[in-house]
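Please read the structure below before turning to the comments.
Only a predicted model underlies this, so the values are computations on that prediction, with no experimental measurement involved.
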Amino acid sequence: MKGIRLIKLRKQWLTICLLGCFVLFAGHAQASVNLPLHHWTYEAIDRLVAMGLVDDGMTVTKPYSRKQAARYVARALDHLDSSEASMENRQALADPLLERLVGEFRPELADLGAVSSTPGASGSWFRYGGRAQLEVDAFSVGHGGSGLGVRFRENRGGEYYANGEQVQSDFRGWFEIGDHISIVAQPKYITNPHVLGQGATNNVHNAYMRELNFKLSAANIAFEIGRGTQWWGPGYRGSLLLTDQAFPTDMVKLGSEEPFRLPWALRDLGEWKINSFLTQLERDRDSPRAKVFGLRVGYLPTSWLELGIARLTQFDGRAFPSQSFPKTVFKAYGNAPNALGANDVNEQVMIDFKARIPHADYLIPFPSGMQIYGEIGSEDKWSKFPLSTTAAVLGGIYIPQLFSGDSMDLRFEYADTDWGRRMTGDRHSAGWYNNATYVSGMRYRGQPLGHWVGTDGIDYFLRATRHFRDDLQLGVTWDHSLRGRNNPVSEKKQEVGMDVTWWMTKQLQLTVAYTYQHIENPGQITGINPFQETFQSGLVSNNNFIWTNLAFEF
């Protein structure tokens, strides 16, 4: 198993530390480890935010820390104690969610004074925890268009479905030292190396380190170095710029640990959150070891609206030795699109929003209101206003409670990386995640850094969940996607799935899931240097996936 390749910290990295000037005045924030992406608490907290039970919740940028999640839970507890919260919603939905969240974050909530502490659990200078997972899979992948019998698995850190049975296990351990240091390690083992991809993606190790990072926190500034994943944007099924679709990257991160307010007279403008990172991509690409710098600014002007703007800049690499950080990034930010000369950079920019709309008779009939969210992005800078030539969009509607006194929710989400080609007169195709200079594109080990649907794709997604008991949840999903639409042959997929989650105890969780896919003209990555994907005309793949996951957390 190869060790983690960490980016060397050079003098040029000190420049990004200037971002700390924007968060120094935000007050003291204790060190706290990040929650892993797709942890069950994200959905629970997002649901409380959509119901209006969490005031001033900034949940778009992930991961966020356990301490930040605990603050949101504490706000929900306070809100339920007020006369504004309806007893019907409390009994049907909020109480079971909060009971489980309180059990998860009791040490952090005790430090905040929101709940009573377990003897010896609060105020310690050394805190620790862990999550052990065992997954048993049975995958059947149709061989049409994929002679290797593999199919990528959306938002799973570079993993694939592969024919046969396999076992996956990992342990994510963490500890915190005092108020400033936290460390996370997550080794993982998979019995079938094909689940990690093969051929062009070149990642076939059974055992590897999925996450390993060190965080130093002081005065609300968080500095991290190591391997991990990020998710920028309000999308649930995907996001345009950053998700965990690709294999986890080794990076350096700097940003605010928690949301903050500007000082003095600017304090009433609302809350802010700043995140940035610098990563170095793999060797096997057209420009080996190219770098990507990302910057995101989140803004909460009012309790029901969260806004954000994010930007990725790809530069450097052995093919472009004249480029360096931060000089190239500063030039790219200050110049017009594609104005750096022969050694151009590859950029993506996105603006996004998430808004809560309260219940209104006849207009918004849902008892807890609804939430709408969206992203619009451009491959390179906006060359035309208001609609970029290379625009991509994502939008969604989330209803946290369909019926009064019931726990069923409903989400619909739409993503389109082919939107600019169809909606503008320029007919610009093959833009998203591709680039003429960095021809392997904004990808890592063959997978896009952003939405799994990839270049020139459209995705429709529907999901509903319901708690049949406080400890038993059923989820049903439907997905329809089109990939590579500008190609002579493109992929069309229909997917349905069902999952059941049982919280056996406060620490033990069991999930059983089944997914069926019908794919016409399935795609296969045939090269990443430069990137190339082919779609097999006239072939059909019928895939059946069964997986079980047992997680123990302490």
Side-chain angles (χ1 to χ4, degrees), residues 35-44 46-47 93 96-97 99-101 103-104 130-142 149-172 186 188-192 194-196 210 236-237 244-245 402 406-411 413 452 461-479 493-519 541-554:
L35 287 163
L37 295 182
H38 310 300
H39 193 271
W40 66 268
T41 55
Y42 283 110
E43 286 195 42
D46 282 345
R47 196 167 191 178
L93 186 56
L97 284 178
E99 182 180 359
R100 197 174 303 123
L101 288 167
E104 173 71 26
R131 180 180 175 90
Q133 294 188 101
L134 177 67
E135 181 175 315
V136 180
D137 306 322
F139 298 152
S140 172
V141 183
V150 297
R151 173 73 185 177
F152 69 81
R153 195 173 183 181
E154 294 89 345
N155 305 320
R156 284 284 297 220
E159 293 180 13
Y160 285 69
Y161 295 108
N163 276 326
E165 298 77 32
Q166 61 267 328
V167 176
Q168 304 186 34
S169 61
D170 69 83
F171 175 75
R172 187 179 190 273
Q186 185 184 3
K188 183 162 187 174
Y189 177 77
I190 302 179
T191 59
N192 187 348
H194 298 338
V195 172
L196 289 168
R210 187 177 182 86
Y236 176 90
R237 179 67 166 172
D244 61 341
Q245 169 67 14
L402 267 176
D406 193 71
S407 64
M408 180 176 288
D409 70 350
L410 181 66
R411 182 188 300 271
E413 187 169 295
W452 63 266
F461 175 74
L462 189 70
R463 176 171 174 82
T465 67
R466 188 180 188 277
H467 286 82
F468 287 95
R469 298 189 323 218
D470 290 351
D471 60 351
L472 188 65
Q473 174 185 284
L474 172 68
V476 179
T477 62
W478 170 83
D479 188 83
K493 182 190 75 171
Q494 298 280 356
E495 176 182 300
V496 292
M498 181 176 67
D499 55 89
V500 178
T501 300
W502 176 27
W503 282 268
M504 304 169 68
T505 69
K506 292 182 179 180
Q507 296 175 303
L508 194 62
Q509 175 186 335
L510 174 67
T511 300
V512 180
Y514 169 75
T515 299
Y516 170 77
Q517 293 180 343
H518 175 83
I519 305 176
S541 178
N542 292 301
N543 305 327
N544 294 273
F545 310 132
I546 299 175
W547 58 272
T548 63
N549 180 278
L550 183 66
F552 175 74
E553 196 158 3
F554 64 91

Closest approach of G475 to T465 (non-hydrogen atoms, all atoms of both residues): CA-CG2, 4.1 Å

Exercise: identify the closest heavy-atom pair between L196 and Y160: C-CD1, 3.9 Å

Heavy atoms from other residues, nucleotides or ligands near CD of E99 exceed 12 (cutoff 6.0 Å): no

Matching residue for D479 among R463, Q517, K493, E413 - test: side chain to side chain contact (heavy atoms under 4.5 Å, CB included): K493

Considering all heavy atoms, the nearest D499-A513 contact: CB-CB, 3.7 Å

Nearest heavy-atom neighbours spanning L402 and L410: CD1-CB, 4.0 Å

Side chains of W40 and E553 in contact at under 4.5 Å (non-hydrogen atoms): yes

Considering all heavy atoms, the nearest Y514-I546 contact: CD1-CG1, 3.6 Å

Heavy atoms from other residues, nucleotides or ligands near CH2 of W478 exceed 12 (cutoff 6.0 Å): yes

Check: N163 and H194 side chains under 4.5 Å, non-hydrogen atoms: no

Any donor-acceptor pair under 3.5 Å from D137 side chain to F139 backbone: no

Evaluation steps, salt bridge (charged side-chain N to carboxylate O under 4.0 Å, His left out), between K188 and E135: CA-CA 11 Å; K188 183 162 187 174; E135 181 175 315; 5.7 Å; no

Pairwise side-chain contact, Y516 with N542, heavy-atom cut-off 4.5 Å (strictly under): yes

Aromatic plane relationship, W452 with F152 - under 30° parallel, 30 to 60° tilted, over 60° perpendicular: tilted

Residue pairs involving residues 505-516 (criterion salt bridge (Lys or Arg N to Asp or Glu O under 4.0 Å); sequence neighbours excluded): none

